[in-house]
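Please read the structure below before turning to the comments.
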Amino acid sequence: MSYDVDVAVIGGGPGGYYAAIKAAQMGAKVALVEKNKVGGTCLNVGCIPTKVLLSCVSVLDSVKEGADFGVNVGDYSVDVAGIQKRKAGVVNGLVGGVAALLKKNKVELIEGLGTLADKNTVVIGDRKLTAKNIILATGSEPAVIPIPGLEIGGNVWTSNEALAFEKVPASMVIIGAGAIGLEFGYTFARLGCEVTVVEFMPQILPAADTETAKELQKHLKKAGMKFMLSAQVTSAEDIEGGKRVHIKAGEKEKTVDCEVVLMAVGRKAVKNGLGLEEVGVKFDERGRIVETNEYMQTSVPNIYAIGDVTTGPMLAHVAWSEAIVAVDHIMGQPKFKKDYSTIPACVYTHPEQASVGMTEAQAREKYGDDVVIGKFGFGHNGKALGMGGAVGFIKVISEKKYGAVLGCHMVGPHVTDLITEMAVAKRNELTVDEVIATIHPHPTLAEVVQEATMDTLGCAIHK
Ligand code: NAI
């Protein structure tokens, strides 16, 4: 049987566009179906625009601290329209870049909602596209929890509304201290908003290494954010100019008045209109496609699923890695299997937070007293001291017998760039000796990685 294309990809976010380009590069005839703009959440309303906002805030902080560097700055002010213009410029440039890459690789871009009619047919409006293989990459959208008085709209925001802010609110309650809650909290706090973050669990970034999460929280507090942990928003009511938010923390009940409430309680898969039921692709109650195997095949073998629509971690870089696994398999050249053991996770506040591999608690559960911890602070690093913001530390977790790197957790300047070294170490089962023996350039922040690793053997030089 002949098909219109070898591979039809539904969804043009990081998972989908990456898969489409890769399949085309490997010689497949490819169509990509997208109902909105290519680039998906990441480029349009996620990773990239939030990082632009954080960069704007970073410039503001540099201006404020100019005198410490011998640079006296005159009057300055924040221009929200200017911030939005920069954000739009970067986003539009990247979205245009992805469209150009698709074109260059001869991927047909079909605009519209793609629905599965059967296991080899995608319907887009009047058009029926047949495909030998289909990759579902429809992504996710903000999850909303039903809290009385907090229906999204007006002064109750998700990350989508927060990105489009037209003025800096005077005060904000953020529900959820995950990456989204913290990054927006930091952005608005530095722009002068009074931010209170309410988190259900006893620590911010509940999945993170506890010591590292506490260190980050300490610095975010210094930056102006307030936190209520082990606390839950139960309801809210309208007051003049905003909301009165009711919060339950243990036995105590408190209220916080604010202009805006931001709900940052996770994301949910986008599967509506996709027709999963009709073709028998299995999904769970949150709409996530379950049962992708090691090559990202769903319960229907020629239909693959990658990215946020699956049950894996909702991160653009995970979607990229899954795209490679799925496309290599489709093209008959399987190289890698799905592997979630080494996923770097990053938070782009100042200081930044980054981690890979086991937390200390996870390592102790598996290796007991054989766990070895090495730590080194940015306060002892020449490059960091010169730059300013020499706070935080790097913590390396290894085990006694072979010195294998089990995990690494970082808080400090540019740690989202430094974590990759330890991801390579973890992925390739390197030992601490192998990391230490690698010559690290001086002066760099990367020396802190080396010194923290040396500290697992008790031989850090500058400690
Ligand atoms: P998340 O699931 O990471 O965090 C949500 C937080 O809300 C959790 O800590 C949870 O305990 C808390 N929570 C849930 N219900 C609550 C309630 N009723 N009251 C108080 N707290 C409550 O979700 P988030 O931050 O919205 O991010 C969604 C996804 O996007 C995640 O997978 C995240 O990793 C990803 N993301 C990644 C970024 C990055 O890599 N820098 C940036 C932004 C998002």
Side-chain angles (χ1 to χ4, degrees), residues 13-15 40-55 139-150 152 156-163 173-187 196-208 210 213 216-217 227-236 245-250 254 256 261-270 286 288 307-321 340 343-356 410-411 415-417 419-420 423:
T41 297
C42 171
L43 257 57
N44 293 291
V45 285
C47 323
I48 299 301
T50 51
K51 261 75 281 168
V52 179
L53 296 187
L54 284 158
S55 297
S140 65
E141 59 193 8
V144 175
I145 44 175
I147 299 176
L150 289 181
I152 301 301
V156 183
W157 294 354
T158 68
S159 55
N160 290 344
E161 289 77 24
L163 275 171
V173 166
I174 299 180
I175 310 176
I180 293 185
L182 296 185
E183 289 180 2
F184 276 111
Y186 183 82
T187 299
T196 307
V197 182
V198 183
E199 167 57 51
F200 186 64
M201 300 297 282
Q203 73 172 49
I204 65 165
L205 301 172
T210 299
L216 179 66
Q217 188 187 348
F227 292 93
M228 295 174 74
L229 303 181
S230 302
Q232 198 177 358
V233 173
T234 52
S235 65
V245 178
H246 294 261
I247 299 159
K248 196 164 181 287
K254 293 181 184 169
V256 177
V261 176
L262 169 60
M263 217 180 266
V265 293
R267 299 181 61 85
K268 65 173 196 289
V270 174
R286 287 167 63 190
R288 298 173 309 177
D308 285 9
V309 75
T310 70
T311 50
M314 290 187 173
L315 295 166
H317 44 285
V318 172
W320 279 353
S321 75
Y340 293 154
I343 298 176
C346 302
V347 181
Y348 297 80
T349 47
H350 293 274
E352 296 181 340
Q353 193 266 0
S355 62
V356 70
M410 309 178 164
V411 175
V415 295
T416 58
D417 294 311
I419 197 66
T420 306

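Side chains included, hydrogens not; waters and symmetry mates left out as well; all remaining heavy atoms used. Here the structure is a predicted model, which means the values were calculated and not measured. Ligands are counted one by one from 1 in listed order, and the atoms in each one are counted from 1 as well.
- The side-chain heavy atoms of Thr41 and Arg267, taken from C-beta on, include a pair separated by under 4.5 Å.
- Looking only at heavy atoms of the protein, atom 16 (C) of ligand 1 is closest to Val265 CG1, 3.8 Å.
- For the pair Leu43 and Pro49, the tightest heavy-atom approach, listed with the atom from each and the gap, is O-CD, 3.3 Å.
- Using a 4.5 Å heavy-atom threshold, the side chains of Glu352 and Met410 count as separate.
- Protein heavy atom at the shortest distance from atom 7 (O) of ligand 1 is Gly176 CA, 3.2 Å.
- In the vicinity of Arg267, heavy-atom distances shorter than 4.0 Å reach the ligand 1 atoms 28 (C), 29 (C), 30 (O).
- In terms of protein heavy atoms, atom 19 (N) of ligand 1 is closest to Ile175 CG2, 3.5 Å.
- Distances between N or O atoms of Val347 and those of ligand 1 include no value under 3.5 Å.
- Taking all atoms of both residues into account, the shortest heavy-atom contact from Ala231 to Met228 is CB-O, 3.8 Å.
- In this structure, atom 18 (N) of ligand 1 lies nearest to the protein heavy atom Ile145 CD1, 3.2 Å.
- At a threshold of 4.5 Å between non-hydrogen side-chain atoms, the residues Ile175 and Leu150 count as touching.
- Under 4.0 Å from ligand 1, the heavy atoms of Val198 that appear belong solely to its backbone.
- Protein heavy atom nearest atom 37 (C) of ligand 1, with residue, atom name and distance: Leu315 CD2, 3.8 Å.
- In this structure a side-chain-to-backbone donor-acceptor pair under 3.5 Å is missing from Ser235 to Pro148.
- Of the heavy atoms in Leu182, none comes closer than 4.0 Å to ligand 1.
- Under the 4.5 Å side-chain criterion, counting only non-hydrogen atoms from C-beta, Val318 is in contact with Tyr340.
- In this structure, of Met314, Lys248, Gln203, the residue bringing a heavy atom nearest to atom 32 (O) of ligand 1 is Met314.
- Remark: ligand 1 atoms within the under-4.0 Å shell around heavy atoms of Pro206 are 9 (O).
- Nearest to atom 39 (C) of ligand 1 among the protein's heavy atoms is Cys346 O, 3.2 Å.
- Close N/O approach between Glu183 and ligand 1 is found [any backbone or side-chain N/O within under 3.5 Å].
- Listed by atom number, the atoms of ligand 1 under 4.0 Å from Gly178 heavy atoms are 3 (O), 4 (O), 6 (C), 25 (O).
- Within the 4.0 Å heavy-atom cutoff, Pro313 does not count among the residues contacting ligand 1.
- Looking at atom 25 (O) of ligand 1, its nearest protein heavy atom turns out to be Ile180 N, 3.0 Å.
- Of the options Pro142, Ala264, Ala179, Ala231, the smallest heavy-atom separation from atom 36 (N) of ligand 1 is shown by Ala179.
- A distance-only check finds no donor-acceptor pair linking the side chain of Gln232 to the backbone of Lys248 [under 3.5 Å].
- For atom 21 (N) of ligand 1, the nearest non-hydrogen atom from the set Tyr348, Phe200, Phe184 belongs to Phe200.
- Residues Val256 and Val198 have side chains not in contact (no heavy-atom distance under 4.5 Å, counting atoms from C-beta outward).
- Scanning all heavy atoms of the two residues, the minimum distance from Ala213 to Gln203 falls at CB-NE2, 3.7 Å.
- A heavy-atom distance below 4.5 Å is found between the side chains of Pro142 and Asn160.
- Remark: minimum distance from atom 11 (O) of ligand 1 to any protein heavy atom is reached at Glu199 OE2, 2.6 Å.
- Set against the non-hydrogen atoms of Met201, the atoms of ligand 1 under 4.0 Å away are 11 (O).
- Between Tyr348 and Thr416 the shortest side-chain heavy-atom distance falls below 4.5 Å.
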